Chemist: 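After the structure tokens below, expect a handful of questions from me.
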Amino acid sequence: MNNRQVLYTFYIPFGLITILSIFMHLFQLDKQSLHHDESMHVFYSWFIYKGDLEAFSNIHSPMMHGPFQFFFNSLIFHIFGDTNYSARLLPAIFGIILTVLPILFRKDLGNILTLLFAFTLTISPTLLYFSRFARNDIYVAVWSLIIIACFIGYNKTRKFKYLIITSVILALFFITK
């Protein structure tokens with residue numbers, strides 16, 4: 001297959017799937033009121049955003065999961081302000097990342113299955129719901145898919161870089177959940 005055929009049969013459709021994913025994840029992100037779970041996560045992120053780490057540490061409990069989402073949501077608040085839209089922006093970004101990650105499996109799956117994989121992740125109602133919801137579920141899905149890709153890469157090549165990436169992702173996993 002030449003470069004032009006690959007462009008038309010893979011990259012353009014993959015780009016269209018990515019654009020669809022961006023639209024589905026970001027459009028009217030703030031039109032639904034915050035769920036109780038979301039409000040708790042956003043509330044603690046807001047403490048960090050306001051610089052009140054003492055209040056965050058006095059209130060936060062391990063039942064609320066790891067600090068990843070709180071500190072990164074706080075960063076989003078610093079960049080975009082503290083709104084319902086920005087409160088859900090980080091999970092939405094991770095939802096978009098999840099729909100692009102099948103590209104890591106392209107050599108093993110081929111073009112058609114990679115496109116089908118990406119499209120399925122894009123239109124999945126469950127994944128769309130959890131990637132527009134300020135909780136840690138979508139982060140865990142992204143970390144899991146990256147670890148699977150590293151596992152496959154390491155088993156095929158035995159390159160040390162896959163172990164390093166897996167270690168970093170596992171660390172992120174532990175501070176997320």
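Heavy-atom basis, side chains included; hydrogens, waters and symmetry copies ignored. This is a predicted model, so every value here is computed, not measured.
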Chemist: Quick check: is Phe10 connected to Tyr8 through a chain of hydrophobic side chains (ILVMFWY, heavy atoms under 4.5 Å apart)?
Modeler: yes
Chemist: Leu121 versus Val100: any side-chain heavy-atom pair under 4.5 Å?
Modeler: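 Of all side-chain heavy-atom pairs linking Val100 with Leu121, none is under 4.5 Å.
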Chemist: Determine the minimum heavy-atom distance between Ala87 and Ala134, stating which atoms define it.
Modeler: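 Between these two residues, the closest heavy atoms are O-CB, 3.6 Å.
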Chemist: Can you list every side chain to side chain donor-acceptor pair (under 3.5 Å) pair that touches residues 165-177, not counting sequence neighbours?
Modeler: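 Pairs touching residues 165-177 that pass the test: Trp143-Thr176.
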Chemist: Just wondering, do Ile146 and Leu101 contact through their side chains at under 4.5 Å, heavy atoms?
Modeler: yes
Chemist: Give the minimum heavy-atom separation between Ala118 and Thr122, together with the two atoms involved.
Modeler: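 Looking at all heavy atoms of both residues, the shortest contact is O-OG1, 2.8 Å.
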Chemist: I need the full list of side chain to side chain donor-acceptor pair (under 3.5 Å) pairs touching residues 101-117, with sequence neighbours left out, sorted by first then second residue.
Modeler: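 Sorted pair list: Tyr11-Arg106, Arg106-Asn111, Asp108-Lys156.
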Chemist: Please go through Ile164's hydrophobic cluster and name the other residues, only I, L, V, M, F, W, Y counting, with side-chain heavy atoms under 4.5 Å joining them.
Modeler: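 Once heavy-atom contacts under 4.5 Å are chained together, Ile164 belongs with Tyr154, Phe160, Tyr162, Leu163.
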Chemist: Quick check for you: to the nearest 0.5 Å, what is the distance between Asn136 atom CG and Ile175 atom CD1?
Modeler: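 Output value for this atom pair is 11.5 Å.
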Chemist: Closer than 3.5 angstrom, by distance alone: can the side chain of Ser39 be matched with the main-chain N or O of Leu34 as a donor-acceptor pair?
Modeler: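 A pair under 3.5 Å: no.
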Chemist: Applying a strict under-4.5 Å side-chain criterion to I, L, V, M, F, W and Y, I'd like to know whether Phe23 and Ile93 cluster together.
Modeler: no
Chemist: Nearest 0.5 angstrom please: Leu115 CG to Thr120 OG1, how far?
Modeler: 10.5 Å
Chemist: Are Leu127 and Leu98 packed together at the side-chain level, in the sense that at least one heavy-atom pair is separated by less than 4.5 angstrom?
Modeler: yes
Chemist: For a quick test of reading the model, state the closest non-hydrogen atom pair linking Gly95 to Ser131 and the distance between them.
Modeler: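 Looking at all heavy atoms of both residues, the shortest contact is CA-CB, 3.5 Å.
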Chemist: Can you pull the salt bridge (charged side-chain N to carboxylate O under 4.0 Å, His left out) pairs that have at least one residue in residues 64-89, sequence neighbours excluded?
Modeler: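 Pairs touching residues 64-89 that pass the test: Glu38-Arg88.
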Chemist: Do Phe117 and Leu113 land in one hydrophobic cluster if side-chain heavy atoms of ILVMFWY residues count as linked below 4.5 Å?
Modeler: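 Cluster IDs for Phe117 and Leu113 match.
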Chemist: Does any non-hydrogen side-chain atom of Tyr85 lie less than 4.5 Å from one of Leu26?
Modeler: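 Yes. Closest side-chain heavy atoms under 4.5 Å.
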Chemist: Between Phe119 and Leu20, is there a side-chain heavy-atom distance shorter than 4.5 Å?
Modeler: yes
Chemist: Please report the interatomic distance CD1(Ile103) to CD1(Ile17), rounded to the nearest 0.5 Å.
Modeler: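 Those atoms lie 10.0 Å apart.
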Chemist: Any side-chain heavy atom of Tyr129 sitting closer than 4.5 Å to one from Ser124?
Modeler: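 Contact flag for Tyr129/Ser124 side chains = no.
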Chemist: Can you say whether the rings of His41 and His65 are parallel (under 30°), tilted (30 to 60°) or perpendicular (over 60°)?
Modeler: parallel
Chemist: Taking atom CG of Leu89 and atom CZ of Arg132, what is their separation to the nearest 0.5 Å?
Modeler: 11.0 Å
Chemist: So which atom in Ser86 and which in Ile76 form the shortest heavy-atom distance, rounded to 0.1 Å?
Modeler: O-CG2, 3.3 Å
Chemist: How many angstroms lie between CZ in Phe105 and CD1 in Ile148, if you round to the nearest 0.5 Å?
Modeler: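 Rounded to the nearest 0.5 Å, the CZ-CD1 separation comes to 6.0 Å.
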Chemist: Would you kindly confirm whether Ile138 and Met24 end up in one hydrophobic cluster when ILVMFWY residues are joined by side chain heavy atoms under 4.5 Å apart?
Modeler: no
Chemist: Which pairs pass side chain to side chain donor-acceptor pair (under 3.5 Å) with one or both residues in residues 89-104, sequence neighbours excluded?
Modeler: Ser21-Thr99
Chemist: So if you build clusters from Ile, Leu, Val, Met, Phe, Trp, Tyr with side-chain heavy-atom gaps below 4.5 Å, do Phe80 and Val42 land together?
Modeler: no
Chemist: Quick test of your reading: applying salt bridge (charged side-chain N to carboxylate O under 4.0 Å, His left out), list the pairs with at least one residue in residues 4-20, sequence neighbours left out, ordered by first then second residue.
Modeler: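 Output for this query is empty, none listed.
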Chemist: Closest approach of Pro91 and Phe130, non-hydrogen atoms and distance?
Modeler: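 Nearest heavy atoms, Pro91 then Phe130: CB-O, 4.5 Å.
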Chemist: Compare all side-chain heavy atoms of Leu116 with those of Ile112 and state whether any distance is below 4.5 angstrom.
Modeler: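 Heavy-atom side-chain distance check fails, nothing below 4.5 Å.
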Chemist: Does Ser74 reach the side chain of Tyr44, with side-chain heavy atoms less than 4.5 Å apart?
Modeler: no
Chemist: How long is the gap from CZ on Phe72 to OG on Ser45, to the nearest 0.5 Å?
Modeler: 11.5 Å
Chemist: Is it true that Asp137 and Arg135 make a salt bridge, defined as a side-chain N closer than 4.0 Å to a carboxylate O?
Modeler: yes
